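Chain letters run A, B, ... following the sequence lines, proteins first, then strands; residues in each count from 1. The analysis underlying the following values was restricted to heavy atoms, covering all of them including side chains, and did not include hydrogens, waters or symmetry mates. As the structure is a computational prediction, the values presented were derived from the model and not from experiment.
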There are 2 protein chains.
Amino acid sequence: MTATVRKHDNVDMADAEIVVGIDLGGTKILTVAATPDGRIRARKRVDTPKGRDAVVAAMRDTVAAVLGEAAVRAPRGIGVGAPGPMDPRAGVLLEPPNLPGCENLPLAAIFRELHPDADIHVENDANAAALGERRFGAGRGVDDLCYVTISTGIGGGIVAAGRLVRGVAGTGGEIGHTILEPDGPRCHCGLHGCWEVLASGTAIAREAAAAVARGEGAAIAQAAGGRPVDARAVDQAAAAGDPVALRIVAAAVRYNGIGFCNLIQILSPARIIVGGGVSHAWDRYIAPAAEWARTHAFARPGGMCAIVPADLGDDVGALGAVAVGLGDAEA
Amino acid sequence: MTATVRKHDNVDMADAEIVVGIDLGGTKILTVAATPDGRIRARKRVDTPKGRDAVVAAMRDTVAAVLGEAAVRAPRGIGVGAPGPMDPRAGVLLEPPNLPGCENLPLAAIFRELHPDADIHVENDANAAALGERRFGAGRGVDDLCYVTISTGIGGGIVAAGRLVRGVAGTGGEIGHTILEPDGPRCHCGLHGCWEVLASGTAIAREAAAAVARGEGAAIAQAAGGRPVDARAVDQAAAAGDPVALRIVAAAVRYNGIGFCNLIQILSPARIIVGGGVSHAWDRYIAPAAEWARTHAFARPGGMCAIVPADLGDDVGALGAVAVGLGDAEA
């Protein structure tokens, strides 16, 4: 009898405490049920299907799956991290290029109908990642931080004075599309010489492919071993001393250094947390850029800014969504 | 008798409501006594004297003068806007290049001793200006704004999600020293191609002087009428169609446009408020830069950002200091 009551209490506790985080991406949906301190009780990953109704159904099914596995009927909150552009206050996707068919999708309203007792929040994926690192990862207890992901693109999320910098349009933190080289190459965003087109993994791969096309990329192509040349192949060729790879690395390092430096000047963060595929080759691509930024920014904010690796790995999106579900974007 | 009591009540009211703002600059000190809604009851302006003790004495004397004129014994608060670098939380100037002798000057402690019942706050002058425009000027009621001053230098202050962006070092908002052209000219700050060295009044004057030295600046020199060529002379020569002046204007417009665009991408402000001498030639230097920024930034934050002139004119520093004295930097 006592055991039964205790079990029932536990279920109620779990209902009150469990938060669902949905990392909605262009290729996968990763949904977790987690405690407010970030312990993942259940997870479900599916490929992102094509089309609006299929995406909504897949999200709904993953939520049901993790709630079932965690033995929770009604979560405390549900957070979604989704690609921009979006209106986070309304919880509506706008025209996300990576989710065709999901234009003007009112995600918050849809989940509010499914889970009327839960707090529902939707946020840009990079902002969600910043909140996730702040609550659970490399930014714990830090009131002024930037999260920077350097991957196929470059995205960011900013917390200043303890608050997420959403801005009036909800698009704050689009650091990858700041101009660092006005006569630089044209980005898909339309700008010339934005950070992303200069120093992302895509930019490094583009420069490597150009070197191969010019007949100068043999070492990089060899490192790629028959796969398309990418930032990892450039890293490997640079490690072996290939001068072409070293030149491509130096250019990416320079622009990442400028990008970090500009963030320090504008925001004086205590921490810049760097994630994304390119950051896995930390000593090659990030450490020298961080050193450049800290020594070129004003001495005081440069000296007070630590540039550190992200801590949450592949779970950053889902745990970021958990932080969003806890209301961190509105705090 | 009733009249006497009422008068006494009024004095008490005034004591409780009056805030002193001190705009401490390299050339002048402007101190005001004002109400919390920005009505200036008394003002005192003096040239900034040389040396630490003289600066402190001059500030103290201007405060006594405005309190005397306003018939107030004990102000509610005293705010100081002072040149950086500084530690605003401690209220200490660090090594302000424009105030020799004032290294490590503990302004907050000094005024706390003089006025133990007043709230004392010290803030960077550009941050103070941002808070002044937000409370009294072009940014009233706006939670996400940037103040940009384009003068001999370029400085800024940022309010995001209703809070001043000080950052961990208290240096947030140093937008003038973000890199926009990595191979550009070298700034006194040590960086190459920062916003200030590309588009400030000093930068415009430098380009004009270079044109004169090359023998191409006759129209600009004529507009200057024997004085050193400056942004105003370039504006006048451009108005008359001088192609050299138009080229100098176009370069400044381009970089101001990039600077504004980057602020929109990073912060999505509802308003960018532009002050400083160069902004007085609004249609020449600022309006086309604003248009460029709004149309090149992402559509949603670009469309939601108004770029507008500052509203407080020469009082921006002193009224900004009043806002600081009201605690706005800590809000």
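When heavy atoms are compared at a cutoff of 4.5 Å, A:Arg271 does not approach chain B at all. For A:Ala160, the part lying near chain B is the side chain, with the backbone staying farther off; criterion is any non-hydrogen pair under 4.5 Å.
Rounding to the nearest 0.5 Å gives a distance of 9.5 Å between CD of B:Glu95 and CZ of A:Arg300. A distance of 6.0 Å separates CD1 of B:Ile158 from CD1 of A:Ile266, quoted to the nearest 0.5 Å.
B:Pro85 has its side chain out of reach of A:Phe298: every pair of non-hydrogen atoms, C-beta onward, lies at least 4.5 Å apart. Between B:Ile179 and A:Leu180 the shortest side-chain heavy-atom distance does not fall below 4.5 Å.
Of all heavy-atom pairs between B:Gly172 and A:Ser268, the closest is N-CB, 4.0 Å. Annotation for B:Glu181 and A:Pro182: closest pair OE1-CD, 3.4 Å, computed over non-hydrogen atoms.
Note on B:Ile264, B:Val168, B:Asp183, B:Leu164: by heavy-atom pairs under 4.5 Å with chain A, the leading option is B:Val168. The candidate from B:Ile258, B:Val165, B:Val142, B:Thr171 with the greatest count of non-hydrogen atom pairs under 4.5 Å with chain A is B:Thr171. The choice from A:Arg163, A:Met304, A:His296 that makes the most heavy-atom pairs within less than 4.5 Å of chain B is A:Arg163. With chain B as the partner, the residue from A:Gly259, A:Ala161, A:Ala297 showing the most heavy-atom pairs under 4.5 Å is A:Ala161. In terms of heavy-atom pairs under 4.5 angstrom with chain A, the leader among B:Cys305, B:Gly302, B:Pro301, B:Ala270 is B:Pro301. Most heavy-atom pairs under 4.5 Å with chain B: of the set A:Leu267, A:Leu263, A:Ile175, A:Leu145, this distinction falls to A:Leu267.
Taking the charged nitrogens against the carboxylate oxygens, A:Arg166 and B:Asp144 have no contact shorter than 4.0 Å, which rules out a salt bridge.
Side-chain N or O atoms of B:Gln265 include none that pairs as donor or acceptor with a backbone N or O of A:Thr178 at under 3.5 Å.
For A:Asp143, the side chain to side chain donor-acceptor pair (under 3.5 Å) partners at least two apart in sequence or on another chain are A:Arg134.
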